[in-house]
Amino acid sequence: MITKKICLITTLFLALTMFSSCSYFNSDTPQPDSSIDKDKSVAAINKGLVLQAHKRYDDALESFRTAIEYDRENPEAYFYASYVCFLLKDYEGTYYYARKSTKIDPGYADGYLLASQVLLDRKRYQEALSLLSKLTIIKPKETNHMYKNQFTVYYSMGICYIALMQYKNGLDSLKKSVAIASQEDVPSTLVRSAKDMIRKVERKVH
């Protein structure tokens with residue numbers, strides 16, 4: 001029950017915080033080097049984002065895969081492919097591409113966050129915690145699109161700890177998520193959910 005709830009809630013949060021625009025590189029953003037392959041990769045990403053905005057997810061995924069073919073060392077291309085797989089409910093693809101992004105760039109926060117949600121949904125709580133814990137120390141880069149704040153990180157950690165019956169750690173994480181929410185733009189439904197879980201766990205352990 002908890003797992004299904006967090007999956008739906010986190011999906012909502014990701015949707016609300018994802019991609020404020022459909023442009024990967026705009027006129028104010030430095031372009032990559034003169035490599036033709038990299039230029040084509042950027043063009044394929046931009047095309048994929050337009051397709052994604054129109055909910056043509058299969059076509060968008062194909063475009064992001066094309067971007068990967070042109071530049072296999074660009075974590076952004078893998079991340080976009082991962083997110084479209086997430087929208088298509090292809091969670092194996094989501095995890096695969098998300099982890100590829102973090103292997104290319106160990107500081108790529110978005111990849112860890114999305115991969116952790118797949119692990120959480122599959123009840124692989126200890127593995128999810130391992131990825132989520134990295135997000136408590138990684139400083140988000142300007143290129144990160146999803147990782148706007150740490151509410152989802154601590155909220156998800158709380159779910160994992162509670163599922164593992166580590167209630168103190170679970171409460172600490174959930175309370176931290178609520179404290180963070182007061183400083184950041186977090187949907188009120190998520191804050192209420194965190195507070196409800198805190199009350200339920202406190203009743204359980206006392």
Side-chain angles (χ1 to χ4, degrees), residues 1-20 79-80 82-92 94-95 97-99 101-102 107-206:
M1 180 68 71
I2 287 177
T3 304
K4 292 298 180 183
K5 185 175 183 180
I6 180 63
C7 181
L8 291 173
I9 289 174
T10 305
T11 300
L12 171 64
F13 187 46
L14 298 184
L16 288 171
T17 59
M18 192 64 184
F19 307 142
S20 58
F79 170 73
Y80 285 119
S82 174
Y83 185 71
V84 169
C85 285
F86 184 79
L87 294 175
L88 289 167
K89 295 181 170 53
D90 172 10
Y91 300 123
E92 287 187 9
T94 300
Y95 184 80
Y97 286 117
R99 291 300 278 141
S101 72
T102 60
Y108 196 75
D110 284 349
Y112 290 115
L113 183 58
L114 200 47
S116 72
Q117 299 308 303
V118 175
L119 293 172
L120 197 157
D121 184 64
R122 294 185 173 184
K123 301 183 181 181
R124 293 163 60 179
Y125 302 116
Q126 199 63 57
E127 293 172 80
L129 277 172
S130 178
L131 296 185
L132 290 164
S133 65
K134 294 179 185 295
L135 294 173
T136 64
I137 57 176
I138 289 176
K139 182 179 180 180
K141 301 179 180 180
E142 291 183 4
T143 53
N144 285 177
H145 303 286
M146 268 173 33
Y147 192 55
K148 306 285 188 186
N149 57 55
Q150 290 194 316
F151 174 88
T152 301
V153 174
Y154 285 101
Y155 185 48
S156 298
M157 289 178 71
I159 298 297
C160 291
Y161 280 127
I162 290 168
L164 294 168
M165 294 186 289
Q166 298 178 30
Y167 298 118
K168 182 182 182 303
N169 289 336
L171 283 172
D172 289 344
S173 295
L174 289 171
K175 288 177 180 178
K176 189 158 189 175
S177 76
V178 171
I180 289 171
S182 66
Q183 306 165 20
E184 299 174 345
D185 186 18
V186 177
S188 59
T189 53
L190 290 176
V191 179
R192 285 197 301 271
S193 177
K195 290 179 177 178
D196 287 345
M197 293 191 67
I198 289 170
R199 285 192 290 269
K200 288 178 182 178
V201 174
E202 286 180 334
R203 285 198 297 266
K204 185 180 183 68
V205 298
H206 291 115

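Everything numeric in this text was worked out from a predicted model, so none of it was measured.
Put simply, the side chain of Ser116 gets close to the backbone of Leu113: a donor and an acceptor are under 3.5 Å apart.
Taking each heavy atom of Ala179 and Ser182 in turn, the nearest pair found is O-OG, 2.6 Å. Heavy atoms only, all atoms of each residue included: Phe151 and Ile180 are closest at N-CG2, 4.0 Å. A pairwise comparison of heavy atoms in Tyr155 and Ser177 identifies N-CB, 3.7 Å as the closest pair. Heavy atoms only, all atoms of each residue included: Tyr91 and Val118 are closest at O-CG1, 3.7 Å.
Residues Cys160 and Leu132 have side chains in contact (heavy-atom distance under 4.5 Å, counting atoms from C-beta outward). In this structure the side chain of Thr136 reaches within 4.5 angstrom of the side chain of Tyr154, judged on heavy atoms. Within the 4.5 Å cutoff, the side chain of Tyr112 has heavy atoms near those of the Arg99 side chain.
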Show the numbers, then the answer: is there a side-chain contact (heavy atoms from CB on, under 4.5 Å) between Asn169 and Leu164? CA-CA 10 Å; Asn169 289 336; Leu164 294 168; over 6 Å; no
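Every side chain to side chain contact (heavy atoms under 4.5 Å, CB included) that Ser82 has, sequence neighbours left out, goes to Thr94, Tyr97, Ala98, Leu114. Listed by chain and number, the residues in a side chain to side chain contact (heavy atoms under 4.5 Å, CB included) with Leu119 are Tyr95, Arg124, Glu127, Ala128, Leu131 (sequence neighbours excluded). Residues satisfying the side chain to side chain donor-acceptor pair (under 3.5 Å) test with Asp90, not counting sequence neighbours, are none. By the salt bridge (charged side-chain N to carboxylate O under 4.0 Å, His left out) test, Lys175 pairs with Glu202, sequence neighbours left out. For Arg203, the salt bridge (charged side-chain N to carboxylate O under 4.0 Å, His left out) test picks out no residue, with sequence neighbours left out. For the side chain to side chain contact (heavy atoms under 4.5 Å, CB included) test, no residue two or more places apart in sequence or in another chain qualifies with Gln183. Residues satisfying the salt bridge (charged side-chain N to carboxylate O under 4.0 Å, His left out) criterion with Lys89, sequence neighbours excluded, are absent altogether. By the side chain to side chain contact (heavy atoms under 4.5 Å, CB included) test, Val201 is found to be paired with Ile162, Tyr167, Leu171, Val205, residues two or more places apart in sequence or in another chain being considered. In terms of the salt bridge (charged side-chain N to carboxylate O under 4.0 Å, His left out) criterion, residue partners of Asp172 (sequence neighbours excluded) are, by chain and number, Lys168.
Looking at Arg192 and Thr189, their side chains never bring a donor and an acceptor atom within 3.5 Å of each other.
Applying the salt bridge (Lys or Arg N to Asp or Glu O under 4.0 Å) test to pairs two or more places apart or on separate chains, none has a residue in residues 156-167.
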